[in-house]
*Asks:* 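Provided herewith is a single structure, encoded as C-alpha cells, for subsequent inquiry.
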Amino acid sequence: KGKWMRPKTLHVMVISAQQLPKVNSKKNSILDPLVVVEVHGVTRDCDKRSTEHVTNNGFNPQWNERFQFGIDVPELALLRFVVLDHDSSSRNDFVGQYTVPFTSTRKGYHHIHLLNKQGHRIPSATLFVHIMIVDQ
C-alpha cells in the first residue's frame, strides 16, 4: 500500500432524468432510456452498472436504482454517466453523457446536465442522482 491508496466506497442512486432528446428522426419515435454508471481509473477500480430501461418515456423517466462501487485510487478515477436509448433488435443508441473526476464529485443530490458526443450541453436534458462517498 502506498500513500495513493485511499479506499472509498461510492454509492450512486440514479433517480430520474428530464427532457431527454430524441435520437431517432422518426416523428413517432419515443425513447426507452437506461443509464450506465461507469468508473474509470486503475484496473481494479474500473467497473460499470446499468439501470433497467424505462419503456416509452424520454420526458421524465424514473429509475430509483442504487449502485455501489469500491474505489482504491480516487485521484485517478473518473465517474461517468451515460444515457442510452434501449433497442432490443440492435445496439443501444447514445443519448448523452457526463464525466467528472472522482475527486471533484460532491455528496448529495445533483441535477447533471448531459452533453452530446461533441461535448456540448444538451438544452434541458438532465439526470437527477444522489451521491454518497464513504471512507473505507
Side-chain angles (χ1 to χ4, degrees):
K1 279 190 163 186
K3 291 180 183 179
W4 43 268
M5 286 279 287
R6 293 192 177 112
K8 310 252 185 226
T9 302
L10 170 67
H11 299 268
V12 175
M13 181 172 169
V14 178
I15 301 169
S16 64
Q18 294 74 39
Q19 300 185 20
L20 299 175
K22 290 183 179 183
V23 293
N24 196 324
S25 58
K26 294 179 185 173
K27 186 176 181 180
N28 60 351
S29 175
I30 300 174
L31 287 180
D32 300 321
L34 63 94
V35 179
V36 180
V37 181
E38 304 172 346
V39 175
H40 298 274
V42 298
T43 304
R44 64 191 287 163
D45 288 349
C46 293
D47 197 0
K48 69 179 173 180
R49 310 279 167 76
S50 178
T51 66
E52 296 293 322
H53 71 276
V54 175
T55 305
N56 293 332
N57 188 349
F59 185 70
N60 188 28
Q62 296 187 11
W63 293 277
N64 294 311
E65 293 189 39
R66 299 171 192 267
F67 305 110
Q68 182 175 317
F69 301 91
I71 300 176
D72 288 331
V73 188
E75 288 77 15
L76 298 179
L78 296 172
L79 177 60
R80 183 175 190 230
F81 297 90
V82 184
V83 179
L84 302 172
D85 180 17
H86 174 75
D87 192 337
S88 56
S89 61
S90 65
R91 266 181 76 185
N92 294 338
D93 296 316
F94 177 87
V95 176
Q97 71 89 31
Y98 189 79
T99 305
V100 62
F102 180 78
T103 54
S104 296
T105 304
R106 299 293 171 244
K107 299 176 186 179
Y109 291 94
H110 303 280
H111 276 282
I112 298 170
H113 294 273
L114 297 175
L115 306 176
N116 63 18
K117 287 182 180 177
Q118 291 75 34
H120 300 289
R121 190 170 166 177
I122 303 169
S124 302
T126 60
L127 191 59
F128 187 48
V129 301
H130 181 264
I131 295 175
M132 188 169 69
I133 301 167
V134 179
D135 291 332
Q136 290 183 359

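Predicted model, so just to flag it, every value in this text is computed and none were measured. Heavy atoms only: backbone and side chains are in, while hydrogens, waters and symmetry mates are out.
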*Asks:* Spell out, as yes or no, whether a donor-acceptor pair under 3.5 Å connects the side chain of D93 to the backbone of D87.
*Replies:*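 Absent.
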*Asks:* Check whether any side-chain heavy atom of T9 lies under 4.5 Å from a side-chain heavy atom of Q68, and answer yes or no.
*Replies:*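 A side-chain contact under 4.5 Å exists here.
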*Asks:* Show the nearest heavy-atom pair for residues L31 and P21, with the distance to one decimal.
*Replies:*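 Scanning both residues completely, I find the closest heavy atoms to be CD1-O, 3.3 Å.
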*Asks:* Do the non-hydrogen side-chain atoms of V36 and L34 ever get within less than 4.5 Å of each other?
*Replies:*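 In contact.
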*Asks:* For I122, is there any backbone N or O sitting under 3.5 Å from a side-chain donor or acceptor partner on N116?
*Replies:*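 Here the side-chain-to-backbone pair does not exist.
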*Asks:* Which residue in the set V129, N64, N60 passes side chain to side chain contact (heavy atoms under 4.5 Å, CB included) when paired with S16?
*Replies:*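 The option that passes is N60.
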*Asks:* Run the side chain to side chain contact (heavy atoms under 4.5 Å, CB included) test on V14 and F67 for me, step by step, so that the C-alpha distance in whole Å, both residues' side-chain angles and the decisive distance to 0.1 Å come before the verdict.
*Replies:* CA-CA 8 Å; V14 178; F67 305 110; 4.0 Å; yes
*Asks:* Would you mind reporting whether Y109 and I15 have side-chain heavy atoms less than 4.5 Å apart?
*Replies:*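 Sidechains of Y109 and I15: in contact.
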*Asks:* Are side-chain heavy atoms of L79 and L10 found at a separation under 4.5 Å?
*Replies:*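 Touching, per the 4.5 Å side-chain cut-off.
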*Asks:* Please check if any side-chain donor atom of E75 sits under 3.5 Å from a side-chain acceptor atom of T103, or the reverse.
*Replies:*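 Note: E75 and T103 side chains miss the donor-acceptor criterion.
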*Asks:* Is atom OH of Y98 surrounded by more than 12 heavy atoms (other residues, nucleotides or ligands) closer than 6.0 Å?
*Replies:*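 No, OH of Y98 has 12 or fewer neighbouring heavy atoms, counting only those of other groups under 6.0 Å.
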*Asks:* Return yes when atom CD of Q136 has more than 12 non-hydrogen atoms of other residues, nucleotides or ligands closer than 6.0 Å, and no otherwise.
*Replies:*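 Buried by this count: over 12 neighbours within 6.0 Å.
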*Asks:* Give a yes or no on this: more than 12 heavy atoms of other residues, nucleotides or ligands lie within 6.0 Å of atom CZ of R121.
*Replies:*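 At most 12 heavy atoms, drawn from other residues, nucleotides or ligands, come within 6.0 Å of this atom.
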*Asks:* For residues T126 and Q19, determine if any side-chain heavy atom of one lies less than 4.5 Å from a side-chain heavy atom of the other.
*Replies:*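 Result no, sub-4.5 Å side-chain heavy-atom pair not found.
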*Asks:* Heavy atoms, side chains only, cut-off 4.5 Å: are W63 and L127 in contact?
*Replies:*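 Yes, side chains in contact.
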*Asks:* Please tell me if the side chains of E65 and R49 come closer than 4.5 Å, counting only heavy atoms from C-beta onward.
*Replies:*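 No; the side chains remain at least 4.5 Å from each other.
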*Asks:* Hey, what do you get for OG (S124) to CG (L114), rounding to the nearest 0.5 Å?
*Replies:*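 Between atom OG of S124 and atom CG of L114 there are 11.0 Å.
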*Asks:* So F94 and V82, do their side chains get closer than 4.5 Å, heavy atoms only?
*Replies:*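 Yes. Closest side-chain heavy atoms under 4.5 Å.
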*Asks:* Checking D85 side chain against P33 main chain: does a donor-acceptor pair fall under 3.5 Å?
*Replies:*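 Not confirmed, D85 side chain does not pair with P33 backbone.
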